[in-house]
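Single-structure report; data block below.
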Amino acid sequence: MGVNKDSGQITVFLSIILLSVIILAGVLVDASRVSSGESLVRSAVSSAARSVLAGYGSRLKESYGLFAFDAANEEELEDTVKYYLEKNLQIDGNGAVAGASIDLYGFRIESINVSAVQNLSENKAFKHQILEYMKYRAPKELVEGFVERLKAFRDMGRMSAAYSKKVSLDKIMGRLDKSQQSLKRYVDGAGKDTDRYINGFNLNGVWQQAFNDYLNRNSDLKATGEELGRLEGELGELQQESISTGLSGQESDGVPDPQDRINFLTNERNILVDRIAGLNSSINETWKNLRYSLTDEYTAPNEKAVRDIDKIIEAGKNAEELISGLESFLKSGFTGNGDFVMNLGEDLNRIKGLLLTGQQAAGLLKSLGNNKQILDQLVEKLDMLKSRSIGGNGSLMDSGGMMDDIRKLVSEYDNHIEYSYEKPDKGNKADDPRKDKAG
């Protein structure tokens with residue numbers, strides 16, 4: 001059997017060819033990776049630049065056509081571009097791929113150089129930009145302003161009539177404000193030193209304390225009167241005994257002299273008489289304080305508050321009629337003065353809120369009327385209480401539980417009335433919208 005000298009040549013040939021193909025494929029893949037990476041970098045840089053430019057000054061752009069943004073220095077600008085570039089390339093500050101385990105491209109930011117094309121601090125560039133923009137903006141503004149003035153002249157008469165109605169409404173609101181301030185003073189005593197106001201009745205239990213003091217003083221007077229009566233009885237007996245026995249100024253068989261006892265009782269009687277006189281005077285003063293200062297003087301604030309509420313309701317009705325007419329007038333057409341209609345409409349809505357606040361005061365009428373009746377009944381019962389005192393000795397005839405009736409009346413008085421209001425703005429001729437429409 002012969003030997004084939006060409007055995008194994010094909011394997012060697014294929015190995016050489018395969019190695020070349022693998023090297024070629026690797027070169028092509030790497031070239032593609034570099035080309036793709038370069039494209040990604042260019043796109044990332046462009047996106048980062050646009051992100052920085054998105055922070056331009058909107059007011060400069062709208063008013064002067066200047067497309068500019070604020071950067072303190074080039075280093076700050078470079079840091080901002082680097083931040084956006086890292087986000088676009090998905091790498092961190094050290095070049096590592098954020099959130100991935102395979103670094104396909106191996107991106108690294110070695111250095112960034114950012115230079116502003118123009119600086120607005122240079123007068124030449126600043127002036128050039130503004131002049132370029134004003135070539136188109138100035139004619140537009142002039143035309144639009146002229147058209148707006150024509151529309152304003154067309155509605156001048158209607159604006160004047162609307163403003164006149166508004167001035168009349170402001171006058172009503174001014175009168176309403178005075179009544180509201182007055183009502184607030186009568187309810188809470190605000191605005192000036194007011195001794196008597198609605199919520200001040202029996203404040204901190206002052207009335208109840210004075211009434212209890214009045215009753216206690218009458219009880220003291222009654223007890224003192226009874227003590228005086230007992231003492232006078234004993235004194236009368238001693239005096240009668242002294243007259244009948246004819247003993248005076250001497251002791252007999254160790255028995256005290258009756259005259260000494262008579263003198264002692266006479267002195268005690270004088271003390272009780274003086275005390276009774278003082279109690280009577282104090283009781284009278286306490287009753288007067290209850291009857292007038294703590295009761296009757298609170299009637300006037302309740303009555304005056306009712307009058308103020310009537311004025312507030314009346315002014316509210318007149319204001320509502322004016323508002324309704326003015327709203328209908330505005331709806332009839334102000335084609336060229338949308339701002340005027342909008343501003344006046346907002347004022348009317350605000351005034352409506354004030355009117356509702358004023359009309360809510362009508363709910364106070366019931367409470368105030370009840371307070372007035374309670375005060376009248378208290379005055380009547382206090383007069384009856386004084387007249388039923390027996391002989392000025394402190395004994396009070398409490399027929400029908402009058403004491404309990406008085407305490408109940410005091411507890412039913414409403415001294416927690418809440419009233420607040422917002423001060424309306426008064427009209428001002430300086431706010432006349434016609435003043436800037438001429439010329």
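The analysis underlying the following values was restricted to heavy atoms, covering all of them including side chains, and did not include hydrogens, waters or symmetry mates.
One N or O on the side chain of Asp414 and one on the backbone of His416 form a donor-acceptor pair closer than 3.5 Å. Checked by atom type and distance alone, the side chain of Thr295 never pairs as donor or acceptor with a backbone atom of Tyr292 at under 3.5 Å. At least one donor-acceptor pair under 3.5 Å links the side chain of Asn202 to the backbone N or O of Gln208. Ser32 contributes a side-chain N or O that, together with a main-chain N or O of Leu28, makes up a donor-acceptor pair within less than 3.5 Å. In this structure a side-chain-to-backbone donor-acceptor pair under 3.5 Å is present from Thr224 to Asp220. At least one donor-acceptor pair closer than 3.5 Å links the side chain of Ser328 to the backbone N or O of Ser324. Ser219 contributes a side-chain N or O that, together with a main-chain N or O of Leu215, makes up a donor-acceptor pair within less than 3.5 Å.
A salt bridge does not link Arg230 with Glu226: none of the charged nitrogens is closer than 4.0 Å to a carboxylate oxygen. Under 4.0 Å is where a charged nitrogen must lie from a carboxylate oxygen, and between Asp404 and Lys408 no such pair does.
Heavy atoms only, all atoms of each residue included: Met402 and Lys381 are closest at SD-O, 4.0 Å. The heavy-atom pair separating Glu227 from Leu272 by the smallest distance is CG-CD1, 3.6 Å. A pairwise comparison of heavy atoms in Ile417 and Ser367 identifies CD1-CB, 4.2 Å as the closest pair. Pairing each heavy atom of Ala305 with each of Tyr186, the nearest pair is N-CD1, 4.1 Å. Across all non-hydrogen atoms, the minimal contact from Ala315 to Ile172 is O-CG2, 3.5 Å. Between Asp347 and Lys166, the closest heavy-atom pair is CB-CE, 3.9 Å.
Using modelled atom types and a 3.5 Å distance limit, the side chains of Tyr413 and Asn302 yield a donor-acceptor pair. Inspection of the Arg407 and Ser411 side chains reveals no N or O donor paired with an N or O acceptor under 3.5 Å. There is a side-chain donor-acceptor pair under 3.5 Å between Asp308 and Ser182. At a cut-off of 3.5 Å, with distance as the only test, no side-chain donor of Gln209 or Asp213 sits close to an acceptor on the other residue.
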Discussion item. Would Asn318 and Glu314 count as a side-chain contact (heavy atoms from CB on, under 4.5 Å) here? Give the steps.
Written reply: CA-CA 7 Å; Asn318 296 334; Glu314 183 64 26; 4.0 Å; yes

Fill in: salt bridge (charged side-chain N to carboxylate O under 4.0 Å, His left out) between Lys184 and Asp188, worked out
CA-CA 6 Å; Lys184 182 65 175 177; Asp188 292 324; 2.8 Å; yes

Item to complete: Check the pair Asp376, Lys372 against salt bridge (charged side-chain N to carboxylate O under 4.0 Å, His left out), reporting the backbone distance first and the verdict last.
Response: CA-CA 6 Å; Asp376 290 342; Lys372 175 65 167 55; 2.7 Å; yes

Item to complete: Tell me, with the steps shown, if Glu412 and Leu409 meet side-chain contact (heavy atoms from CB on, under 4.5 Å).
Response: CA-CA 5 Å; Glu412 291 176 350; Leu409 284 172; 4.3 Å; yes

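Interatomic distance, Arg291 CZ to Asn284 CG, rounded to the nearest 0.5 Å: 14.0 Å. Once rounded to the nearest 0.5 Å, the distance linking CD1 of Ile312 with CG of Leu176 reads 6.0 Å. Once rounded to the nearest 0.5 Å, the distance linking CG of Leu279 with CG of Asn218 reads 9.0 Å. Leu294 CG to Leu375 CG: the interatomic distance, rounded to the nearest 0.5 Å, is 11.0 Å. Atoms CD1 and CD1, from Ile276 and Ile271 in turn, are 12.5 Å apart once rounded to the nearest 0.5 Å. For the atom pair CZ of Arg217 and OG of Ser281, the computed distance is 9.5 Å after rounding to the nearest 0.5 Å.
Using a 4.5 Å heavy-atom cutoff, the side chains of Met403 and Leu385 are in contact. You'll find the side chain of Trp207 stays beyond 4.5 Å of the side chain of Asn415, heavy atoms only. For the pair Trp287 and Phe211, the minimum side-chain heavy-atom distance is 4.5 Å or more. Within the 4.5 Å cutoff, the side chain of Ile374 has no heavy atoms near those of the Val410 side chain. Taking the side chain as every heavy atom from C-beta outward, Arg196 and Ser293 approach each other to under 4.5 Å.
Under a cut-off of 6.0 angstrom, the local environment of NZ in Lys165 is sparse, with at most 12 non-hydrogen atoms contributed by other residues, nucleotides or ligands. Heavy-atom neighbours of Glu297 CD from other residues, nucleotides or ligands within 6.0 Å: above the threshold of 12. More than 12 heavy atoms of other residues, nucleotides or ligands shown are found within 6.0 angstrom of CD on Glu346.
The side chain to side chain donor-acceptor pair (under 3.5 Å) search around Asn216 returns none, not counting sequence neighbours.
Taking the ring centroids of Tyr298 and Phe201, they lie under the 6.0 Å cut-off.
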